[in-house]
Asks: 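Structure incoming, see below.
Positions are given from 1, in the same order as the sequence printed here.
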Amino acid sequence: MLKTSAIQHHISLKPYNTFGIDVKAKNFIAVSSVEELKNVLQLKEYKEKFILGGGSNMLLTKDVEGLVIHIDFKGKEILKKENGQALVKVQAGENWHETVLWTLEQDLGGLENLSLIPGNVGTAPIQNIGAYGVELKDVFFSCEALNVETLKMVTFSNEECNFGYRDSYFKRNKGCYIITAVTFKLSTKNHITNTSYGAIEAELQKKNIKNATIKEVSNAVINIRQSKLPDPKKLGNSGSFFKNPVISIQDFQPLKTQYPEIPHYPVSEAEVKIPAGWLIEQCGFKGKRFGDAGVHKNQALVLVNYGNASGEEVWNLALKIQQAVNKKFHIRIEPEVNIY
Ligand code: EPU
């Protein structure tokens, strides 16, 4: 049975979101098992239930009046190893980067390019986290999730998650399931590293590394991220605030004529992806500060909290940026982070 004394009241969520926004939770509980989670979800006195994982991909703009449920499940295990592959199951509340380092210590390959991404394991599939040429879907085997309505556990295969660019079944069906554990498919030997992303190649060349090991790739990624992206422990942020927009070749042609230097990556024969960071920088926002909300000096795609910004201030800045980009380029950039 659930001890209702475990519920805390009127606590600040500042330590629970990487933006460091100081909103309050009227009621808060950390749960560490599926049974506990089921019990909490059945509490009738709290109509609104707000699921909180690592808090790395959200902007909180108001106090939470209902019950915040912090997913704190811990544990990592190697389920099996065969034919050069391992299935590794990790509980949702484990820190993402610590999990990556743990797999590298076991000489398991696949997560190295995803080093140093803030957040927890359970939220990684929701937005199909990705960096430096690798996405979660490339190493994802399955996940376990609790259906919030029926309180039944369901296993989702890679295919069933319907992963897309910063997108998944879970993102498109918000609030239906809570991911409780993720199983990864990793390599146990003859690791195939992905160093094709320009910045990784350059970093390895700088160190004169050829045929990089998985640990060397991880270190290169860590160095790149540390040089470009602010550490949320020192400067509140949520990584990329917007998604990189994908536009049609027809819409792209006139832009290319007007801005011949515009960076772009083909997505299909008919579409290209434009780095939102470039669009935002062209609008003059890079490094700008408005009160305690700002745009990072090394990466215009990252909005930061200099200390005491409210969620609303950050959101107003995001809207200002969105409007400026739309006005100058006729492109609508959409937030990557969840706004509450
Ligand atoms: N750029 C600028 N100015 C900027 C930032 C970027 O001109 O201020 C242009 C440059 O041309 C640069 C290009 O954008 O070469 C790409 O920049 P970067 O390599 O930093 O990648 P990104 O597209 O801005 C994406 C992900 C990041 C991920 C990196 C590396 C999205 C929304 N973001 O950023 O993911 O780390 O690629 O793979 O897709 C995150 O999701 O939170 C995140 C940090």
Side-chain angles (χ1 to χ4, degrees), residues 2-74 91-96 118-127 129 143-154 166-182 232 236-239 241 305 309-315 318 335-340:
L2 179 79
K3 287 193 229 89
T4 34
S5 60
I7 298 178
Q8 295 170 264
H9 301 282
H10 304 288
I11 73 149
S12 169
L13 291 178
K14 195 171 166 113
Y16 294 98
N17 72 100
T18 61
F19 246 126
I21 305 290
D22 190 12
V23 294
K24 303 272 179 301
K26 201 164 179 186
N27 311 285
F28 176 97
I29 189 165
V31 291
S32 51
S33 70
V34 173
E35 280 321 299
E36 234 185 317
L37 175 60
K38 282 186 188 171
N39 287 335
V40 172
L41 288 172
Q42 288 175 90
L43 292 174
K44 296 258 181 326
E45 58 265 49
Y46 304 102
K47 248 170 103 190
E48 180 196 17
K49 302 203 174 71
F50 180 100
I51 307 299
L52 181 65
S56 63
N57 202 41
M58 61 168 62
L59 177 64
L60 299 165
T61 65
K62 55 181 189 276
D63 292 343
V64 184
E65 293 297 323
L67 175 63
V68 172
I69 304 172
H70 177 46
I71 305 296
D72 205 20
F73 304 178
K74 299 287 189 210
Q91 297 297 313
E94 290 285 352
N95 174 272
W96 177 264
N120 286 354
V121 168
T123 35
I126 301 176
Q127 58 147 350
I129 58 169
C143 70
E144 287 171 15
L146 180 70
N147 182 312
V148 173
E149 282 297 311
T150 63
L151 298 185
K152 294 237 160 60
M153 290 298 291
V154 183
R166 296 295 189 275
D167 200 19
S168 71
Y169 172 87
F170 303 104
K171 196 160 178 178
R172 287 186 292 266
N173 296 275
K174 267 193 193 135
C176 297
Y177 287 91
I178 298 169
I179 297 171
T180 59
V182 179
N237 76 88
S238 199
F241 193 90
N305 171 10
S310 68
E312 229 181 330
E313 275 175 278
V314 176
W315 181 232
E336 188 207 69
V337 302
N338 297 300
I339 316 294
Y340 175 81

Asks: Minimum heavy-atom separation for Ser56 to Ser238, with atom names?
Replies: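 Heavy atoms only, the tightest pair is O-OG, 2.7 Å.
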
Asks: Measuring only between side-chain heavy atoms, which start at C-beta, is Phe241 closer than 4.5 Å to Leu59?
Replies: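 Yes; the side chains approach each other to less than 4.5 Å.
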
Asks: For atom CD of Gln42, decide whether the heavy atoms of other residues, nucleotides or ligands shown that lie under 6.0 angstrom number more than 12.
Replies: yes

Asks: Is it the case that Gln127 and Thr123 place a side-chain donor and acceptor less than 3.5 Å from each other?
Replies: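 No donor-acceptor contact under 3.5 Å links the two side chains.
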
Asks: Kindly compute the distance separating CG (Asp72) from CD (Glu36), expressed to the nearest 0.5 Å.
Replies: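 Between Asp72 CG and Glu36 CD, I get 9.5 Å after rounding to 0.5 Å.
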
Asks: Please round to the nearest 0.5 Å and tell me the distance separating atom CD1 of Ile69 and atom CD1 of Ile29.
Replies: 8.0 Å

Asks: Once rounded to the nearest 0.5 Å, what's the spacing between atom CD of Glu94 and atom NZ of Lys74?
Replies: 5.5 Å

Asks: Tell me which one of Leu60, Val314, Thr61 satisfies side chain to side chain contact (heavy atoms under 4.5 Å, CB included) with Ile339.
Replies: Thr61

Asks: Val148 versus Ile51: any side-chain heavy-atom pair under 4.5 Å?
Replies: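 Val148 vs Ile51: side chains apart.
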
Asks: Evaluate Met58 against Leu52 for side-chain contact (heavy atoms from CB on, under 4.5 Å), listing each step before the verdict.
Replies: CA-CA 9 Å; Met58 61 168 62; Leu52 181 65; 3.8 Å; yes

Asks: Dump the intermediate steps for side-chain contact (heavy atoms from CB on, under 4.5 Å) on Val121 and Gln91, then the final yes or no.
Replies: CA-CA 7 Å; Val121 168; Gln91 297 297 313; over 6 Å; no

Asks: Write out all pairs satisfying salt bridge (charged side-chain N to carboxylate O under 4.0 Å, His left out) with one or both partners inside residues 168-182, taking only residues at least two apart or from two chains.
Replies: Asp167-Arg172

Asks: For the side chain of Asn305 and the backbone of Gly20, is there at least one donor-acceptor N/O pair under 3.5 Å apart?
Replies: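 Yes, Asn305 side chain to Gly20 backbone: donor-acceptor pair under 3.5 Å.
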
Asks: With rounding to the nearest 0.5 angstrom, report the OH to CD1 distance, Tyr169 to Ile126.
Replies: 12.5 Å

Asks: Listed by chain and number, what are the salt bridge (charged side-chain N to carboxylate O under 4.0 Å, His left out) partners of Lys38, not counting sequence neighbours?
Replies: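 Partners of Lys38 under the salt bridge (charged side-chain N to carboxylate O under 4.0 Å, His left out) test: Glu35.
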
Asks: Without swapping roles, check the side chain of Asp63 against the backbone of Val23 for a donor-acceptor pair under 3.5 Å.
Replies: no

Asks: Has Asn147 got a side-chain atom pairing as donor or acceptor with Lys152's backbone, closer than 3.5 angstrom?
Replies: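 Here the side-chain-to-backbone pair does not exist.
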
Asks: A quick test of your reading: do over 12 heavy atoms of other residues, nucleotides or ligands sit less than 6.0 Å from CD of Glu312?
Replies: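 Atom CD in Glu312 is not packed in, count stays at 12 or less.
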
Asks: For side-chain contact (heavy atoms from CB on, under 4.5 Å), just list the numbers for Ile21 and Leu13, CA-CA rounded to whole Å, side-chain angles, deciding distance to a tenth of an Å, and then say yes or no.
Replies: CA-CA 7 Å; Ile21 305 290; Leu13 291 178; over 6 Å; no

Asks: With side-chain contact (heavy atoms from CB on, under 4.5 Å) as the test, would you mind laying out the steps for Ile71 and Val31 before giving the verdict?
Replies: CA-CA 6 Å; Ile71 305 296; Val31 291; 4.1 Å; yes

Asks: Of all the heavy-atom pairs spanning Glu48 and Glu65, show the shortest one and how long it is.
Replies: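 What the structure gives for the nearest pair is OE1-N, 3.7 Å.
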
